[in-house]
Amino acid sequence: MTSSTRISQSAFDGSRLRVLLLVDLHEGTQQEFLDAYEHMREQVASVPGHISDQLCQSLENPSQWLIASEWDSAPPFLAWVNSEQHLETVRPMQNCVRDIRSMRYNILRETGRRVPPTVGTADGNQAPAHVGDGVTRHALTFTVKPGSESKVAEILAGYAPPEARVDDSTQLRRTTLFMHGNRVVRTVEVRGDLPAALRHVSRQPEVRAVEEAINPYLEQNRDLNDPESARAFFTRAAMPAVHHVARGGPEPADLRRHALYYPAREGCGMALARLLSQQDETAANDPAGPVHRSTVFHRDHIVVRLVDLSCDPEADPVMALGIQGTRKAAVLARLLDGAALGLEGPLTSERDAIRLLAHADMTLITDRRAAQS
């Protein structure tokens with residue numbers, strides 16, 4: 001892959017989704033696991049967008065299981081897996097599981113049965129393949145108690161970065177932390193195995209010390225010594241990347257990373273994330289534009305857009321915010337919870353865009369990059 005390759009990865013391409021859960025059980029818990037699976041299967045069958053699922057047991061090792069599910073597209077699955085309903089549904093299974101790994105794949109080609117056309121494509125068997133860069137992007141978000149923001153920022157800014165190398169195939173490439181009011185957003189970029197990298201980071205003494213230091217200030221209580229408490233916290237904090245695009249070509253010397261916070265109206269989070277993703281695809285087609293790359297993260301009503309710009313955002317607030325065109329700005333205004341930003345009114349002028357930028361721009365706490373290898 002050359003440096004000029006345009007990168008585009010998206011949950012909004014309309015292709016069907018295959019989700020694989022690789023499960024390793026504790027010995028003697030098979031029946032408990034089967035009972036929990038039956039409960040989960042009944043719950044997920046009624047979720048919009050779910051097509052089917054299969055439960056498979058390894059021929060070689062009866063403790064290893066595979067749960068495969070199919071969805072009509074990625075957005076309904078992401079809405080389900082990030083919901084409180086999902087957290088409660090899978091809770092009975094947790095005591096059985098020694099290890100679990102989730103993998104998600106867009107279905108691009110299929111033989112053996114006729115399938116309905118994929119949304120947005122002429123043929124359900126001809127969904128487009130994406131060009132990636134070998135990097136997985138993920139984010140975590142949580143809130144701290146009002147009044148503790150400056151102390152939390154001080155703690156988060158002061159830690160020593162963990163060892164970037166996880167193993168021969170996995171490396172932590174970049175970690176960036178932002179705050180908006182009392183909300184913290186931590187984004188990570190990993191080359192290789194994301195779960196392995198996250199486990200690696202969580203075991204580092206310097207990271208553990210920081211996590212323990214901010215515990216008293218969290219709005220959601222957690223006990224890092226209790227696996228169930230820690231798992232519930234990080235499950236609720238997870239904010240997957242739903243879209244990433246990079247223009248390609250040499251990286252500008254003056255590139256700066258920003259994060260923008262877009263709280264959505266009730267039920268509008270996915271639509272808002274989709275709108276910003278479409279706008280960033282358009283922006284990436286402009287070789288003279290300021291947007292070099294962007295990533296949209298989404299969970300429930302929270303949308304965060306990580307964007308690398310070659311100019312100060314205020315020099316081009318419309319492009320920085322991803323609201324090119326009067327109609328797009330009006331759509332964003334309908335989807336955005338302006339009151340949550342302390343901002344009311346339409347987005348009809350550049351002055352309105354400057355006001356929105358001032359309210360949505362997140363404060364950079366720390367940006368750590370590993371040496372490129």
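The figures that follow rest on heavy atoms only: side chains count, while hydrogens, waters and symmetry mates do not. This is a predicted model, so every value here is computed, not measured.
In this structure, Leu22 shares a hydrophobic cluster with Leu20, Leu66, Met103, Tyr105, the cluster being traced through Ile, Leu, Val, Met, Phe, Trp and Tyr side chains under 4.5 angstrom apart. Leu59 forms part of no hydrophobic cluster, judged by ILVMFWY side-chain heavy-atom separations under 4.5 Å. When hydrophobic residues (I, L, V, M, F, W, Y) are linked wherever their side-chain heavy atoms come within less than 4.5 Å, the members clustered with Leu55 are Leu21, Val23, Leu25, Phe33, Leu34, Tyr37, Met40, Trp65, Ile67, Val90, Met93, Val97, Ile100.
The aromatic rings of Phe233 and Phe142 sit tilted relative to each other, their planes meeting at an angle between 30° and 60°.
Leu108 CG to Arg16 CZ: the interatomic distance, rounded to the nearest 0.5 Å, is 10.0 Å. Interatomic distance, Cys56 SG to Gln64 CD, rounded to the nearest 0.5 Å: 13.0 Å.
Residues passing the ring-ring contact (aromatic ring centres under 6.0 Å, His included) test with Tyr261, sequence neighbours excluded: His180. Residues passing the salt bridge (Lys or Arg N to Asp or Glu O under 4.0 Å) test with Arg91, sequence neighbours excluded: Glu88, Glu228.
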Test side chain to side chain donor-acceptor pair (under 3.5 Å) on Ser294 and Arg305; report intermediate values, then the result.
CA-CA 7 Å; Ser294 68; Arg305 182 165 158 267; 4.9 Å; no
Going through the distances and angles, do Leu156 and Thr366 end up as a side-chain contact (heavy atoms from CB on, under 4.5 Å)?
CA-CA 8 Å; Leu156 293 175; Thr366 182; 5.7 Å; no
What's the verdict on side-chain contact (heavy atoms from CB on, under 4.5 Å) for Ser63 and Gln30, showing C-alpha distance, side-chain angles and the deciding distance?
CA-CA 8 Å; Ser63 294; Gln30 278 84 353; 4.0 Å; yes
Test log, rule salt bridge (Lys or Arg N to Asp or Glu O under 4.0 Å), inputs Arg101 and Asp193:
CA-CA 11 Å; Arg101 181 175 181 182; Asp193 187 340; 3.7 Å; yes
For side-chain contact (heavy atoms from CB on, under 4.5 Å), just list the numbers for Trp80 and His50, CA-CA rounded to whole Å, side-chain angles, deciding distance to a tenth of an Å, and then say yes or no.
CA-CA 10 Å; Trp80 154 250; His50 177 262; over 6 Å; no
Salt bridge (Lys or Arg N to Asp or Glu O under 4.0 Å) between Glu219 and Lys145, worked out:
CA-CA 5 Å; Glu219 285 199 313; Lys145 296 173 183 177; over 6 Å; no
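Checked by atom type, the side-chain pair Asn285/Thr282 shows no donor-acceptor distance below 3.5 Å. A donor-acceptor contact closer than 3.5 angstrom links the side chains of Thr295 and His244. No hydrogens or angles considered: nothing links the side chains of Asn215 and Glu211 as a donor-acceptor pair under 3.5 Å. Side-chain atoms of Glu281 and His243 include a donor-acceptor pair closer than 3.5 Å.
Between Arg183 and Ile302 there is a side-chain heavy-atom pair separated by less than 4.5 Å. Side-chain contact check for His200 versus Asp167: every heavy-atom pair is 4.5 Å or farther apart. Contact of the Leu78 side chain with the His298 side chain is not registered, since no non-hydrogen atoms from C-beta on lie closer than 4.5 Å.
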Return all side-chain donor-acceptor pairs below 3.5 angstrom for residues 309-322, not counting sequence neighbours, or 'none' if the list is empty.
| residue | atom | partner | partner atom | Å |
| --- | --- | --- | --- | --- |
| Ser310 | OG | Pro290 | O | 3.4 |
| Asp312 | OD1 | Glu314 | N | 2.9 |
| Asp316 | OD1 | Met319 | N | 3.3 |

